[in-house]
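Notes to accompany the following structure.
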Number of protein chains: 2
Amino acid sequence: MHSVSEENYIKTIYHLQDGDALVSTNEIAGRMNTKASSVTDMLKKLAEKQLAEYVPYKGSRLTSAGLDCAMQIIRKHRLWEVFLVEKLNFSWDEVHEVAEQLEHIQSRKLIDQLDQLLDHPKYDPHGDPIPDAQGNYEQPKHTQLSQLKPQDSGVLAGVLDTSTRFLQYLDKHQIELGTQITIVDHEEFDGSFIIKTAQKSLPISKTVADQLYLKLNS
Amino acid sequence: MHSVSEENYIKTIYHLQDGDALVSTNEIAGRMNTKASSVTDMLKKLAEKQLAEYVPYKGSRLTSAGLDCAMQIIRKHRLWEVFLVEKLNFSWDEVHEVAEQLEHIQSRKLIDQLDQLLDHPKYDPHGDPIPDAQGNYEQPKHTQLSQLKPQDSGVLAGVLDTSTRFLQYLDKHQIELGTQITIVDHEEFDGSFIIKTAQKSLPISKTVADQLYLKLNS
DNA sequence: TTAAATTTTTAGACTCGCCTAAATTTTAAT
DNA sequence: ATTAAAATTTAGGCGAGTCTAAAAATTTAA
Ligand SMILES: [Mn+2]
Ligand SMILES: [Mn+2]
Ligand SMILES: [Mn+2]
Ligand SMILES: [Mn+2]
């Protein structure tokens, strides 16, 4: 159907896309560690294949066919991540690289059965929602920790940054999905917070607070 | 490490190799549905990379590095096949195409954990032995059904042809790995047999008899 | 043993995905 | 409104992997 390279571009455009704004060539190149000229080449091909609209010098956006394709890839990526964590003892910071490969395996039955084996999970190990076979999913409306005030509390339901570095930082401080977190204090001058979990109190920078999404308590 | 294409060539050479005889360019091309000229190109590259010896106009054979590589790919292929059958409800005639893709996923941890999840299986769904992490395996010495005489019996332990067509033929006649089979009769003039299972008696051609490997009783 | 048939390699070309360098367009700043 | 800076595209090229057609080597058959 589509090449691995095409699929990676489609997924990247999807992730960079915000509403119906065009995604710039440079943004794609930056995210994919390629050169802008390579991106231009691929955008022409995706436009040719009706997977993306491409307006020279302005940017690109996925067509509905491209969006469908993106959802299938993301569904596969996230299901494989769940599989790796639930069945193969991977930690949440190890799954990305492998899922990046597995998401390109072509087999409808494979992914349907995997979904079943895992009991139709709704979220991946980083709290991201898993689209169903039709490509539909509901974006849970979680609250960025950095938006909260002292006394607010909730459980960690998602992380924005899924890099190994960041996830291992959370591991080090015994913070994982489902961890109950209460805001203790907020420093206005640098935006940092002091948070409390069942285990301990912890000061975190604004940078970290921006990455954490909580499901607020009742 | 090695490209998907290189890996596919290595695997093919392994399967065609018999002792230390050279494998011919045309044999490889035939098996891989490519042209002889493409094979020549790749053989030069594999020789360059020390994965195969290549004697122009004579043929090629894997070096010990190539053999190691082949065993790892085959290990992955067969473990994934077991996974598909045991965990994802694939039938033995559906696994090959998908395993052909999955065998190229690069992750040591993935395959070690998969092996563990499956309880270190010794054989794949077609009765082929699964190499261990070091690439070692013992070729079970099963007997080709076509070598047997009336009264001989055993359980089906392996099939040579793993094509969908052939496996579905066996399914149709309720023959699967582990099925107890007794030779009832052997026709000298065309090499055909009449065999008996718990379910029924069945005449099979020499062609079919050649594909079936039995573990003899007692 | 010579000629014909077969196998294999070489030569040249193509697509895909990527790159660098140069040209062009857009945007931001004076 | 010009000009400088930044973003983007074009032009040309490269490696991997494949193909077709032609040349060369090997095998087989007469
Ligand atoms: Mn990917
Ligand atoms: Mn994820
Ligand atoms: Mn393969
Ligand atoms: Mn098999």
| said: Measuring to OP1 and OP2 of D:dA16, would you say a side-chain N or O of B:Ser5 lies under 4.0 angstrom away? | reply: no
| Which nucleotide sits closest to the side chain of A:Ser37: D:dT18, D:dT8, D:dT10? | D:dT10
| message | Tell me if the side-chain of A:Asp41 makes a donor-acceptor pair with the base of C:dC18, cut-off 3.5 Å, by modelled atom types. | response | yes
| task | Inspect the surroundings of NZ in A:Lys109 and state if more than 12 heavy atoms from other residues, nucleotides or ligands are less than 6.0 Å away. | result | yes
| message | Would you say that more than 12 heavy atoms from the other residues, nucleotides or ligands in this model lie under 6.0 Å from the CD of B:Glu97, or not? | response | no
| query | Does the distance from a Lys or Arg side-chain N to an Asp or Glu carboxylate O, for A:Asp115 and A:Arg75, drop under 4.0 Å? | reply | yes
| task | Ignoring hydrogens and angles, state whether a donor on the side chain of A:Asn26 or A:Ser24 is under 3.5 Å from an acceptor on the partner side chain. | result | no
| So which heavy atom on A:Ile175 is nearest to which on A:Ile181, and how close? | CG2-CD1, 4.4 Å
| remark: Among D:dT9, C:dT8, C:dC19, the one nearest any side-chain atom of A:Thr40 is D:dT9
| message | Using a 4.0 Å cut-off on heavy atoms, which residues in residues 27-35 of chain A reach DNA chain D? List them by number, or say none. | response | none
| Just how far, in rounded Å, is P of C:dC16 from CG of A:Leu46? | 12 Å
| query | In this structure, are over 12 heavy atoms from other groups packed under 6.0 Å from B:Asp20 atom CG? | reply | no
| Base, sugar-phosphate, or nothing for B:Ser38, non-hydrogen atoms under 4.0 angstrom? | base
| Between A:Lys11 and A:Glu100, is there a salt bridge with N-O shorter than 4.0 Å? | yes
| request: Measure across A:Ala99 and A:Leu84 and return the closest heavy-atom pair with its distance rounded to 0.1 Å. | output: N-CD1, 4.3 Å
| message | Rounded to whole Å, please give me the gap between CD in B:Glu48 and P in D:dA16. | response | 10 Å
| Sub-4.0 Å heavy-atom contacts from residues 7-20 of chain B onto DNA chain D, ordered by number | B:Tyr9
| query | Atom NZ of B:Lys44 and atom C1' of D:dA16: how far apart are they, to the nearest Å? | reply | 15 Å
| task | For the side chain of A:Asn26, starting at C-beta, report the closest nucleotide among C:dT10, D:dT10, D:dA7. | result | D:dA7
| said: Short of 4.0 Å, heavy atom to strand atom, which residues of residues 49-62 of chain B count as contacting DNA chain C? | reply: B:Tyr54, B:Pro56, B:Tyr57
| Looking at B:Phe83 versus A:Phe83, is the centre-to-centre ring distance below 6.0 Å? | yes
| request: Figure out the CG/C1' separation between A:Leu43 and D:dA7, and round it to whole Å. | output: 14 Å
| query | Any idea which of D:dT18, D:dT9, C:dT10 is nearest the A:Ala36 side chain? | reply | D:dT9
| query | Whole-Å distance between C:dT8 P and B:Leu22 CG? | reply | 11 Å
| request: May I ask you to say whether A:Lys49 pairs ionically with A:Glu6, meaning some side-chain N is under 4.0 Å from a carboxylate O? | output: yes
| task | Can you label the angle between the A:His126 ring and the A:Trp92 ring as parallel, tilted or perpendicular, going by 30° and 60°? | result | parallel
| message | Under a 3.5 Å cutoff, is there a donor and acceptor pairing between the side chains of B:Ser163 and B:Asp161? | response | yes
